[in-house]
Amino acid sequence: MTFLWAFIIGGLICVIGQLLIDLTKFTPARILVAFVVAGCILGGLGLYDRLVDFAGAGAFVPLPGFGNLLARGVKQAVDERGFLGVLTGGLTAMAGGVTVAVVLGYLAALVSSPKAKGL
């Protein structure tokens with residue numbers, strides 16, 4: 001049942017993104033930023049953690065999960081270091097994920113031959 005709920009919740013997040021692309025004039029970049037900001041806000045309010053507890057990776061992996069993790073890192077760092085945690089908490093919480101994304105992106109560029117459209 002856990003896998004089903006992860007699939008449904010993750011799919012609904014993707015459907016929302018696709019509807020925003022199809023029905024609005026928002027650029028994909030703005031939609032991605034909106035998802036991260038929504039995850040930060042919901043995470044800061046403690047609401048997104050409930051969704052993660054219910055749906056697991058279906059809610060944790062997409063972009064709102066990234067925003068939630070940023071908010072959680074800031075909360076934890078503020079509790080430990082005070083106001084300085086506002087500046088360092090998000091970076092500390094996301095360091096591993098960002099590192100993996102950069103390294104894997106670099107490796108993918110090495111094994112493929114990326115080209116711009118129209119060239």
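Below, each value reflects all heavy atoms present in this structure, side chains not excepted, and no hydrogens, waters or symmetry copies. Since this is a predicted model, take the numbers as computed values, not measurements. One-based numbering along the sequence shown.
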Looking at [X] and [Y], what are the two nearest heavy atoms and their distance?
X	Y	result
Gly89	Ala77	CA-CB, 3.4 Å
Gly44	Ala71	N-CB, 3.8 Å
Leu70	Gly90	CD2-O, 3.5 Å

Requested in this report: State the CG-CZ distance between Leu12 and Phe7, to the nearest 0.5 angstrom.
Outcome: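 Result: 9.5 Å between the selected atoms.
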Query - Residues forming a side-chain contact (heavy atoms from CB on, under 4.5 Å) with Ala59, sequence neighbours excluded - result: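 Result, side-chain contact (heavy atoms from CB on, under 4.5 Å) vs Ala59: Ile9, Tyr48, Leu51, Val52, Ala55.
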Report task. Please name all residues satisfying side-chain contact (heavy atoms from CB on, under 4.5 Å) with Val103, sequence neighbours left out, ordered by chain then number. Result ->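 side-chain contact (heavy atoms from CB on, under 4.5 Å) check on Val103 returns Thr99, Leu107.
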Query raised in the report: With Thr88, which residues qualify under side-chain hydrogen bond (donor to acceptor under 3.5 Å, both in side chains), at least two apart?
Result: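 Per chain and number, Thr88 pairs via side-chain hydrogen bond (donor to acceptor under 3.5 Å, both in side chains) with Arg81.
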Query raised in the report: Is there any ring pair (Phe, Tyr, Trp, His ring centres under 6.0 Å) pair reaching into residues 54-113, and which pairs are they, with sequence neighbours excluded?
Result: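 Every ring pair (Phe, Tyr, Trp, His ring centres under 6.0 Å) pair that includes a residue of residues 54-113, provided the two are not neighbours, is Trp5-Phe54.
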Query raised in the report: Mind checking who shares a hydrophobic cluster with Leu87, ILVMFWY linked at side-chain heavy-atom distances under 4.5 Å?
Result: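 Members alongside Leu87: Leu84.
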Below 3.5 Å, can you tabulate the donor-acceptor pairs from side chains in residues 19-42 to any protein atom, sequence neighbours excluded?
{"unit_1": "Asp22", "atom_1": "OD1", "unit_2": "Gln18", "atom_2": "NE2", "d": "3.1"}
{"unit_1": "Asp22", "atom_1": "OD2", "unit_2": "Gln18", "atom_2": "NE2", "d": "3.4"}
{"unit_1": "Thr24", "atom_1": "OG1", "unit_2": "Leu20", "atom_2": "O", "d": "2.3"}
{"unit_1": "Thr24", "atom_1": "OG1", "unit_2": "Phe26", "atom_2": "N", "d": "3.3"}
{"unit_1": "Thr27", "atom_1": "OG1", "unit_2": "Arg30", "atom_2": "N", "d": "3.3"}

Report task. Using the rule that two of Ile, Leu, Val, Met, Phe, Trp, Tyr join whenever any of their side-chain heavy atoms come within less than 4.5 Å, decide whether Leu47 and Ile13 are in one cluster. Result ->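 Yes, it is one cluster - the side chains of Leu47 and Ile13 are joined through contacts under 4.5 Å.
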Query raised in the report: Is there a path from Leu63 to Val102 through hydrophobic residues (I, L, V, M, F, W, Y) whose side chains come within less than 4.5 Å of each other?
Result: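 Looking at the clustering, Val102 is in the same group as Leu63.
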